[in-house]
Every structure is written in C-alpha cells, then in structure tokens.
Amino acid sequence: MRLVALGFIALLFCSEALAQAPVWERGRDGRYEVAVAGIGPGTTLGFFCSAYQVPNTALISLNNLILSPILPDGQTFDLRFVIDGARYDLPGIAKDGELLVSPHDANMELRIQEVIDALRVGKQAQIAVPAKAWKSKLPLDGADFALDGVFEACL
C-alpha cells in the first residue's frame with residue numbers, strides 16, 4: 001500500500017513538471033534559427049530561418065503523420081491559423097510529406113509576421129489544413145520566447 005502511495009505522489013510531481021514544460025522550443029544549429037512546437041504525437045510545427053547562407057530564407061513547416069501520405073508533392077494547400085478568433089490563411093506547398101510555407105513577396109512576409117505576432121501574444125490557437133479536413137489545437141506555452149525574432153534576419 002505504501003508503494004502505491006509513493007507511486008501516486010511521484011505521478012503527481014511528474015505530471016506537474018510535464019504541465020509546466022513549454023510546448024515551444026527555440027534553437028540554432030550551424031545554418032538555421034529554429035522555433036518548433038510539438039503539437040502532439042507525430043505532429044510538429046516549425047519556423048526555420050536560414051539567415052546564415054545566401055539567400056536568406058524563412059520557412060514554416062507542418063509535419064503530421066496522418067497528413068504526410070495524402071499531401072501530393074507540388075500541390076498547394078492553405079495552412080490555417082486561428083488565433084484568439086482571428087483567421088490567418090497562408091498558402092503552402094506539399095513536399096516530401098510536409099506542408100511548407102515560404103514568403104515569396106513582401107505581402108506574404110507581412111502575413112507571416114502577423115501570424116508570428118499573434119502567436120506570441122495569443123491565448124488560444126488552432127492550426128488546420130482545411131482542404132484535407134485536418135485540424136489540431138495549437139498550444140501556445142512558450143511561443144512568446146520561441147518565436148521572438150526567429151525570422152528577424154529572414155523577413
């Protein structure tokens with residue numbers, strides 16, 4: 001019985017620690033500045049800036065195990081963000097099972113920056129690929145820190 005009680009207490013402490021861990025993480029490797037959110041099992045949303053090579057490139061990537069096999073390479077799909085009730089649709093292209101969004105003009109750069117700003121201050125968000133009837137809650141724990149200046153050198 002004491003072993004069960006100790007196990008229960010340990011479980012409570014572990015669940016508190018997991019609840020406090022940010023969903024979003026920020027990192028950098030030799031070529032990229034990265035902000036990544038682990039949305040759920042098999043699903044990640046990444047913001048990548050390759051500011052250390054020419055040309056500088058900003059990229060948003062959605063990788064999902066369910067969507068991967070049904071996203072034909074080269075086809076375009078909207079990546080929809082709904083943040084605190086406001087909707088943002090960003091056109092993307094499927095490549096190797098990922099949906100990729102990259103700014104191709106100044107208007108698109110502005111739209112991506114609006115999404116980043118909204119994610120940083122947002123309270124609740126959802127991400128979707130409407131053409132494939134897929135959507136998921138997008139936790140914002142840690143988004144403010146992770147997305148702060150991630151595309152500064154790219155946009």
Side-chain angles (χ1 to χ4, degrees), residues 15 17-155:
S15 64
L18 288 174
Q20 293 174 356
V23 172
W24 287 81
E25 295 185 27
R26 178 72 175 262
R28 174 191 259 176
D29 71 6
R31 298 180 339 178
Y32 293 98
E33 190 78 28
V34 181
V36 177
I39 298 173
T43 305
T44 57
L45 176 66
F47 290 74
F48 302 89
C49 173
S50 63
Y52 311 106
Q53 63 187 26
V54 176
N56 295 349
T57 304
L59 185 68
I60 300 172
S61 166
L62 174 68
N63 195 338
N64 176 274
L65 291 177
I66 295 171
L67 287 174
S68 290
I70 59 172
L71 292 176
D73 278 1
Q75 287 196 358
T76 58
F77 299 94
D78 280 345
L79 180 60
R80 176 173 293 165
F81 292 85
V82 179
I83 307 160
D84 294 335
R87 187 176 87 184
Y88 305 87
D89 287 334
L90 301 176
I93 189 162
K95 175 116 172 83
D96 298 328
E98 290 183 78
L99 184 56
L100 305 173
V101 175
S102 186
H104 50 273
D105 60 24
N107 181 50
M108 189 65 172
E109 288 179 9
L110 179 63
R111 291 173 62 196
I112 288 173
Q113 191 59 53
E114 289 174 344
V115 168
I116 290 172
D117 293 343
L119 287 170
R120 290 189 62 219
V121 299
K123 302 295 181 225
Q124 60 182 9
Q126 184 179 68
I127 188 166
V129 179
K132 294 298 180 179
W134 177 87
K135 66 181 175 179
S136 175
K137 184 177 179 181
L138 178 57
L140 297 176
D141 301 333
D144 183 30
F145 171 75
L147 292 170
D148 184 22
V150 70
F151 283 166
E152 192 171 285
C154 290
L155 297 180

> Would you find more than 12 non-hydrogen atoms of other residues, nucleotides or ligands less than 6.0 Å from Q124 atom CD?
Replying inline: no
>> Just so I know, are the side chains of E33 and R26 near enough to count as touching, which here means a heavy-atom distance under 4.5 Å?
In response: yes
>> Tell me whether K95 is salt-bridged to D73, with the criterion being a basic N under 4.0 Å from an acidic carboxylate O.
In response: no
>> Going by side chain to side chain contact (heavy atoms under 4.5 Å, CB included), Y88 matches just one of I83, L79, V82. Which one?
In response: I83
> Any idea how Y32 and F48 line up, ring-wise: parallel (<30°), tilted (30 to 60°), or perpendicular (>60°)?
Replying inline: perpendicular
> Between F47 and V36, is a side chain to side chain contact (heavy atoms under 4.5 Å, CB included) present by the stated rule, with each step listed?
Replying inline: CA-CA 6 Å; F47 290 74; V36 177; over 6 Å; no
> What is the distance from atom CG of L140 to atom CZ of R120, rounded to the nearest 0.5 Å?
Replying inline: 12.0 Å
> Should L59 and L100 count as side-chain neighbours, where that means a heavy-atom distance under 4.5 Å?
Replying inline: yes
> Near I66 CD1, under 6.0 Å, is it more than 12 heavy atoms from other residues, nucleotides or ligands?
Replying inline: no
> Do the non-hydrogen side-chain atoms of D141 and W24 ever get within less than 4.5 Å of each other?
Replying inline: no
> Is there a side chain to side chain contact (heavy atoms under 4.5 Å, CB included) between L147 and V150 once you walk through the steps?
Replying inline: CA-CA 5 Å; L147 292 170; V150 70; 4.1 Å; yes
> Just by distance, with hydrogens left out, do T43 and N64 show a side-chain donor and acceptor under 3.5 Å apart?
Replying inline: yes
>> For a 4.5 angstrom cut-off between non-hydrogen side-chain atoms, does I116 reach Q113?
In response: yes
> Roughly how far apart are K132 NZ and D78 CG, rounded to 0.5 Å?
Replying inline: 13.0 Å
> Say you draw a straight line from CG of L62 to CZ of F81; how long is it, rounded to the nearest 0.5 Å?
Replying inline: 8.0 Å
> Are side-chain heavy atoms of L45 and I60 found at a separation under 4.5 Å?
Replying inline: yes
> Should P103 and R111 count as side-chain neighbours, where that means a heavy-atom distance under 4.5 Å?
Replying inline: no
>> Please determine whether side chain to side chain contact (heavy atoms under 4.5 Å, CB included) holds for the pair M108 and L90, giving the CA-CA distance in whole Å, both sets of side-chain angles, and the decisive distance to 0.1 Å.
In response: CA-CA 8 Å; M108 189 65 172; L90 301 176; 4.1 Å; yes
> Would a distance-only check, ignoring hydrogens and angles, find a side-chain to backbone donor-acceptor pair under 3.5 Å from T76 to I93?
Replying inline: no
> Which pair of heavy atoms, one from P72 and one from A94, lies closest together, and at what distance?
Replying inline: O-CB, 3.3 Å
> Between L138 and I39, is a side chain to side chain contact (heavy atoms under 4.5 Å, CB included) present by the stated rule, with each step listed?
Replying inline: CA-CA 6 Å; L138 178 57; I39 298 173; 3.8 Å; yes
> Are the side chain of K135 and the backbone of V129 linked by a donor-acceptor contact shorter than 3.5 Å?
Replying inline: no
>> Could you report the tightest heavy-atom contact between P139 and V23, atom names first, then the distance?
In response: CB-CG2, 3.7 Å
> Would you say the side chain of S102 lies within less than 4.5 Å of the side chain of T57, judging by non-hydrogen atoms?
Replying inline: yes
> Is the shortest heavy-atom distance from the side chain of L67 to the side chain of F77 under 4.5 Å?
Replying inline: no
> Does K123 pair with D84 as a salt bridge, N-O distance under 4.0 Å?
Replying inline: no
